[in-house]
> 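Handing you a structure now.
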Number of protein chains: 2
Amino acid sequence: MARIRHKELTCSPGCAVEATLQFIDGKWKGVVLYHLLKGTLRFNEIRRRLPNVTQRMLTNQLRELERDGFIERTVYAEVPPRVEYSLSERGLSLEPVIVALKAWGDANKDLWLPAEE
Amino acid sequence: MARIRHKELTCSPGCAVEATLQFIDGKWKGVVLYHLLKGTLRFNEIRRRLPNVTQRMLTNQLRELERDGFIERTVYAEVPPRVEYSLSERGLSLEPVIVALKAWGDANKDLWLPAEE
DNA sequence: CCGTATCCAAGCGGATACTG
DNA sequence: CAGTATCCGCTTGGATACGG
């Protein structure tokens with residue numbers, strides 16, 4: 001159990017909820033993590049799974065996930081270039097969160113699916 | 001209950017993840033839901049639990065949560081006014097998500113407590 | 001006590017063009 | 001293939017003042 005520094009203003013317990021959200025919000029992070037849960041993917045493989053993402057945004061989101069230690073980026077010195085992304089240990093630890101998010105979304109498709117009227 | 005219109009989601013299966021995130025992002029929604037899991041609260045009671053929220057933002061987030069059907073708002077015709085917020089059935093269904101978010105945040109306090117820079 | 005109304009700055013994110 | 005660079009509109013959200 002980590003030591004608590006009382007010097008900092010202790011936010012109410014729910015702060016942990018917001019903290020986690022800060023890491024996985026951003027327009028595409030959640031779904032990127034979801035896809036990487038199933039295994040390593042190349043840049044364009046991820047891109048194909050997110051039909052609406054722009055190249056700029058995907059790069060951006062991947063950089064943030066990498067900076068925060070959730071994914072690992074491997075560049076192969078080949079031509080044409082190959083770059084693979086995979087979850088780190090920390091990224092893997094988010095699995096329960098991603099699973100919960102997916103489960104709720106699936107169970108409530110009627111709220112967000114462009115269903116037939 | 002009517003379907004809710006958010007930003008378009010056209011991703012493959014992981015879409016459900018993004019969809020759920022769209023409902024609970026917003027700077028304070030997650031933590032508001034977390035506190036309401038423990039029971040009904042008045043406006044200022046919620047406010048006291050979020051030391052940094054402004055009145056405008058709290059109202060705003062509560063309105064969105066209400067519009068999306070996660071919380072219920074009860075106004076008592078009293079002076080001074082009393083307004084109570086509680087989770088709806090749908091809000092309650094988010095419990096596993098909130099719990100997962102909180103668990104991860106608690107388990108990774110070292111990532112967000114030392115104020116990043 | 002529980003809000004609204006207004007103003008405004010910061011930054012997210014889209015479109016597009018270019019590169020090794 | 002896997003990115004950068006640039007421009008820019010739009011939304012988010014903070015500060016503040018006022019209202020029932």
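What you see is a predicted model, and the numbers here were worked out from it, not measured in a lab. In the text below, chain A, chain B and the rest are named by the order of the sequence lines, each starting its count at 1.
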> Can you tabulate the close N/O pairs, meaning under 3.5 Å, that link protein atoms to atoms of nucleotides 14-17 of chain C?
residue : atom : partner : partner atom : Å
C:dG14  : OP1  : A:K27   : NZ           : 2.7
C:dG14  : N7   : A:R56   : NH2          : 3.3
C:dG14  : O6   : A:R56   : NE           : 3.2
C:dG14  : O6   : A:R56   : NH2          : 3.0
C:dA15  : N6   : A:R56   : NE           : 3.3

> With the side chain of A:T59 defined as its heavy atoms from C-beta on, choose the nearest nucleotide among D:dG3, C:dC2, D:dC1.
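Minimum distance to the A:T59 side chain belongs to D:dG3.
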> Please report, rounded to the nearest Å, how far the C1' atom of D:dG3 is from the CD atom of A:E64.
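In whole Å, D:dG3 C1' lies 16 Å from A:E64 CD.
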> Using whole Å, what does the distance between atom P of nucleotide D:dT11 and atom CG of A:D25 come to?
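Atom CG in A:D25 sits about 18 Å away from atom P in D:dT11.
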> Expressed as a whole number of angstroms, how long is the span from A:E78:CD to D:dG3:P?
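Those two atoms, CD and P, are 13 Å apart.
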> Can you find a side chain N or O atom of A:R73 that sits less than 4.0 Å from OP1 or OP2 on D:dG3?
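So the side-chain polar atoms of A:R73 do come within 4.0 Å of the phosphate oxygens OP1 or OP2 of D:dG3, strictly under.
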> Answer yes or no: is there a donor N or O on one side and an acceptor on the other, between the side chain of A:T40 and the main chain of A:S86, under 3.5 Å?
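Judged by distance alone, no pair lies under 3.5 Å.
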> Strictly below 4.0 Å: does A:Y85 bring a side-chain N or O up to OP1 or OP2 of D:dC1?
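It does not, given that no N or O in the side chain of A:Y85 lies less than 4.0 Å from OP1 or OP2 of D:dC1.
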> How many Å lie between CG on A:L58 and C1' on C:dC12, as a whole number?
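My rounded result for the distance is 16 Å.
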> Expressed in angstrom and rounded to an integer, what is the separation of B:Q61 atom CD from D:dT11 atom P?
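So the CD-P distance, B:Q61 to D:dT11, works out to 16 Å.
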> Given the rule in the side chain to side chain contact (heavy atoms under 4.5 Å, CB included) test, do A:L41 and A:E84 qualify, once you have shown the distances and angles that lead to the verdict?
CA-CA 6 Å; A:L41 291 173; A:E84 292 189 344; over 6 Å; no
> Closer than 4.0 Å, any side-chain N/O of A:R63 to the OP1 or OP2 of D:dG3?
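Looking at the OP1 and OP2 atoms of D:dG3, one of them is under 4.0 Å from a side-chain N or O of A:R63.
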> Within this structure, what is the CZ-to-C1' distance between B:R47 and C:dC1, rounded to whole angstrom?
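Distance check: B:R47 CZ to C:dC1 C1' gives 10 Å.
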> Residues in ring-ring contact (aromatic ring centres under 6.0 Å, His included) with A:Y34, at least two apart?
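A:Y34 satisfies ring-ring contact (aromatic ring centres under 6.0 Å, His included) with no residue once adjacent residues are dropped.
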> OP1 or OP2 of D:dG13 versus the side-chain N and O atoms of B:N60: is any pair under 4.0 Å?
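Answer no for this pair, as no side-chain N or O of B:N60 is under 4.0 Å from OP1 or OP2.
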> With no hydrogens and no angle check, is any side-chain donor or acceptor of B:R90 less than 3.5 Å from a backbone partner on B:D68?
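Yes.
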> Is there side-chain contact between A:L111 and A:W104, with at least one heavy-atom pair below 4.5 Å?
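A side-chain contact exists here, since the closest heavy-atom pair is under 4.5 Å.
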> So if I take every side-chain heavy atom of B:N44 and compare against C:dC1, D:dC1, D:dG3, which nucleotide ends up nearest?
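Of all the options, the side chain of B:N44 is nearest to C:dC1.
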> Could you see if A:I24 belongs to whatever hydrophobic cluster contains B:V99? Use Ile, Leu, Val, Met, Phe, Trp, Tyr and a side-chain cutoff under 4.5 Å.
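Shared cluster, no.
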> Could you give the CD-to-C1' distance, from B:E84 to C:dG3, as a whole number of Å?
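Result: 16 Å.
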> When the distance from CG of B:L62 to P of D:dG13 is rounded to whole Å, what number comes out?
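So the two atoms are 14 Å apart, to the nearest Å.
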> Would you indicate whether the side-chain heavy atoms of B:L62 and B:F43 approach each other to under 4.5 Å?
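Yes; the side chains approach each other to less than 4.5 Å.
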